[in-house]
Every structure is written in structure tokens, then in C-alpha cells.
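As C-alpha cells, the structure follows; a few thoughts come after it.
Each chain gets a letter, A, B and so on, in the order the sequences are listed, and its residues count up from 1.
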Number of protein chains: 2
Amino acid sequence: MANRDIWATMDREKQLRDFLLNGDKIYVPRVSVDCVIFGFHEDQLKVLLLRWKDGRWCLPGGFVKWDESVDESAVRTLQERTALRNIYLQQFHTFGAPNRERGKKFKDIPDTKKSWMRERFVSVGYYALVEFSKVSPRPDWLSDECQWYDIHKVPALIYDHNEMVEKALETLRIRLNDYPVGYNLLHEKFTMPELQRLYETILDKPLDRRNFQKKMLSLGILERLKERKTGGAHKAPYLYRFDKKKYERAMKQGLKLGF
Amino acid sequence: MANRDIWATMDREKQLRDFLLNGDKIYVPRVSVDCVIFGFHEDQLKVLLLRWKDGRWCLPGGFVKWDESVDESAVRTLQERTALRNIYLQQFHTFGAPNRERGKKFKDIPDTKKSWMRERFVSVGYYALVEFSKVSPRPDWLSDECQWYDIHKVPALIYDHNEMVEKALETLRIRLNDYPVGYNLLHEKFTMPELQRLYETILDKPLDRRNFQKKMLSLGILERLKERKTGGAHKAPYLYRFDKKKYERAMKQGLKLGF
DNA sequence: TGGTTATTGTGTTATGCGTACACAATGATA
DNA sequence: TATCATTGTGTACGCATAACACAATAACCA
């Protein structure tokens, strides 16, 4: 091991110890935030996961500072992991079973038996929709990897984090019936088949091409451009973009779809 | 003031002081639960409210014991206020703005400046549907009144409790499109007009009598009895009751209504 | 006692939405 | 230039919802 790595390791241990002993001066104890961050890439719905030093995977999470709201904490967590701002973020459920303490894996660190991290946590779950290509995944200081996972290939996660992913997806699917989706997950300009594949991927079922187009256009939130997307091996499809004002109105008022 | 009242007052003060100083040995600090308890009576949707000693109104709430889940805490809170068991109870949102500490009004009590109640709280909101006539409202030891309020006449509540009522009602309305309602809010036997008025009251809009009946019967969760409800001034309507098995199946699978 | 009245039970019709399906147009490739 | 997969657009059918009409009935009162 090179000298640099030794120093880096020692530094982290010191940092961790300080966090376990004094973190509650910065963060509200017993309340945490976990984010299920959805992205869309190559016709797959992805979730952003972190890998702890011990090899186990978990959701990106964080704690609530004394002067910020829980919502703000979620926004900050998301920003720190993805370097994105102005993201679609929505609270979906709060997980409050006993034995959710986050400090279990630090029991080998001396003098931290009474750490605020060793006690019970209640975690507020949020899900986010982000534009895959704009994200540069960043591990936090407790993890050494931050990676996208296909929603169908999520590994075993710590605590109840698998349940969180399931519940987030379920909430997203239900929401799809009443609100538009896509502005946050696709590029600014996109084709109708791309939008359709997004819906099909989230719902995990095929949709009729023509009926889908009719329905989407009838919402009145899409603007068809004169450009077409060339380069594909077949007929060039039109490009669309969302009319942001109308899109946001639909986000507030809700729609009447039904897939 | 009679002697009895003086003792009662002094007792409570002592009890309160002990709660402020040592409550965190029983309850998880910084996490609370608030319940929006809906009832239905005389064609009005009601909410159960508590009145504090200082006259202000609030939602029935509680704290989470160290060995119970947040859900269990909500069940217990509900039981303590209504003396009911096996109630329909659903988490709807978690409220986490700063400055939600619950101890503000106890600042005149000596030596409690460092009470766990004086610090920030995150509150998990639940709503419940209960059968009005079966409830015997019971104030908790911090309140001296527990009373039903018409949903349209809810007074100004502490903190963000008015927002909680709004959000709970909104969630209930949305849920009405996908799941049946009534088993928990009506008597065992009820007439079709009674069920309709329940829906109309929750949604706050009139529904067509004939279409409503058709829709309800098509769900296949109702059983028409041979009895009729007599005593009214007009044609005696049939009595119905829910087929509990089918009702519960619908609660799990969801429906496709749309009001 | 029989008429009055408001309410309930049970339809019918019309409209719109979702579903299923067909065919022409197009752009790259061979 | 023919091929092929894909896109753009249109039509017919069925079902669910919305809108509406009329007969039956239980209490009340003249």
C-alpha cells in the first residue's frame, strides 16, 4: 500500500470517529433521509446506489441539519451525490421500524458505543427523477463507489433499503396515472418512441404505439419541433419538447390518464 | 376553586415536569406522530381535535416508544384517544420543517429549558377512518377537551396542523379513486343514499344518484339485505353491508373508479 | 282514507374514451 | 434501386361514464 493510501485511510478513520462522537452538533439525531434516485438510460430504469467500505450497497442518504427542513436535507443529499440542482424530488414514505440504527457497522471503532449513530433512526424516503447523462455520480465520504443499477438488478441492500426502492417505484407508477413524467428524465428534445419506452420501462409493460402518441398529444403539454432525429437506421422521427408552462400546470392540477 | 381541583392541578404540573425532564427515557426524542381522525356524522365529515390548557386546538398526537415502530405508535395514539381497535390507519406525509418543537408552551415551567421537548421535532402524519358512533373521545393528560369538528369549521391549530388536515383530506380524496371507502366510517348496515352522501361529503361535490348506485354495485363488494330502513318520511330504502372478504380484496388490489 | 310529496328502485340513451388494428411514408442500408 | 424496420396517421369497435325518465313506495295530512 502506498503512503498516500495509508494517510487517506488514517484520515478517514479520524474523520469517522469525529463524526460518530460529534455529528449530532451538526445534524438532528435519529432522523435521516434516503433517496431513491431514478435515471433512464438505454431503455433501462436505473437507480443510483452507494457501496460502503465493507462491500454492502445502500441508497444515498443523509442527515438533517439543525436549521434546515427535511425536504431541504433531501435536496442537499441529492445535490451532493449527483451535482444536480432543480431536480424533481418527492417524499413517498417514512420508515420507522425499531432497529434501524445506522451505526451498526462502526462497532469496531473505539469509544463510540454511545454515538448518536448507534441509536434508533427514523428515515424519510424521497424519490428523485434525474437526467441520466447530466449526472456525475459521487460517492460520499463513507463510501468508495457510486453507481447506477438497473432496477431489475438491484442487489441486496442494507436494512430496509430494498423495501424503499420497491415502495418508491410503486409510488412512481401510481403517480404516472395522474401526472406527466419525462421532463426530468429525458433530454430536452426527444422522440415519441423514446418517451414511450420511458413509460413502458417504468410500468414494465408494453404500450400500443399509436394510442400512446394520441394520449400524449392530447395532454397538450408537448411541442413538436420541425427537426427530426436523423442517424437512426430507419424513418427519422420528429423531435418533441415539453412546453414547460403547460407541463408545470399539469404537474399541479393532475391529469386523467390511466395506463 | 375546590380542593380537588387544586390537587389535580398540582398533580398535573408535577407530572408534566417529570415528562419534560425524563420523557426521553420512554420515548424516542425528536420524532412524533400526529393523527387526523375522520368520522362521519349527520352528513358531515368530522375531525377529532384536542384543546390544550391554553385554549389552542391541535391534532391528537403522540411519541414513539423505544421498542415500537412509528406505525405502532400511531395505532396506540389512536387507541388512546378513541378507545378503538382495528382501525383503518394510513401514513400520508411527514412534516419536517425546523421550529416544530413541541415544548414552546412549557417555557414557564422551571428547570425544563433543556427538555427533550424543547428541541426540534419531525412528525409523521397518519389519517384514520373511524365509525363516529363507536368513538368515545378522550382527551390526553395535556388537554382538557377532545371534540369532533366539522371539516369545514376547523379552527386555527398549532404549528402546521392545519396543513396536516388539508394534506390528509387531499390524500383521502385521491385514494377514493382507487380504493373503496365506507367500511370504517359507516354503521355495519347502511343505505345506498347514506353511502353516497359519504362520498359526496369527502369529495365535496354532488354525484348522480343512479350512476353512483350502478358503480358501487358493479364493484361487487356490497351485499343487499332483505331488510329495508323504515322510519324515514319516504320510500324505505334497502339496507346494504360490505362483503368483508371482497372488500378487503379490493383494498389490496385497488379498483378503477374515477369520480 | 285516499291524495300529496319526497324519496327510492330501475331502467334507457347518448357520448366519449380506450383498445385494437391497417396502411402509407420514410431514411438508411445493401 | 429494392429492402426493411420503423414512424406518421387514420378508422372501427366496445365499454364505461354521463345525462336523463318514469314507476314504486312509505309517511304525512287533509
Among the nucleotides C:dT19, C:dC21, D:dC20, whichever has the atom closest to the side chain of A:Lys215 is C:dT19
As a check of understanding: the bend across the helix from C:dT1-D:dA30 to C:dA30-D:dT1, end axes from five pairs, rounded to 10 degrees, works out to 10°
Sorted by position of nearest nucleotide on DNA chain C, 5' first, the leading residue of A:Asp208 and B:Tyr238 is B:Tyr238
**Prompt:** Is the distance from OP1 or OP2 of C:dT8 to the nearest side-chain N or O of B:Gln213 less than 4.0 Å?
**Reply:** no
Of A:Lys134, A:Lys244, A:Arg241, the one forming a salt bridge (Lys or Arg N to Asp or Glu O under 4.0 Å) with A:Glu188 is A:Arg241
Taken in chain and number order and not counting sequence neighbours, the residues that satisfy ring pair (Phe, Tyr, Trp, His ring centres under 6.0 Å) with B:Tyr199 are B:Phe212, B:Phe259
Checking C:dG11, D:dT7, D:dG10 against the side chain of B:Lys214 (C-beta onward), the nearest is C:dG11
Ring-plane angle category for B:Trp57 and B:Tyr149, please: parallel below 30°, perpendicular beyond 60°, tilted otherwise.
perpendicular
Readout for nucleotides 21-30 of chain D: B = base within 4.0 Å of protein heavy atom, S = sugar-phosphate only, - = neither; 5' to 3' it is B--BBBS---
So does A:Tyr183 have more than 12 non-hydrogen atoms from other groups sitting under 6.0 Å from OH? no
note: A:Lys226, atom NZ; D:dG8, atom C1'; distance rounded to Å ~ 18 Å
**Ring centre gap for B:Phe121 and B:Tyr159 strictly below 6.0 Å** = no
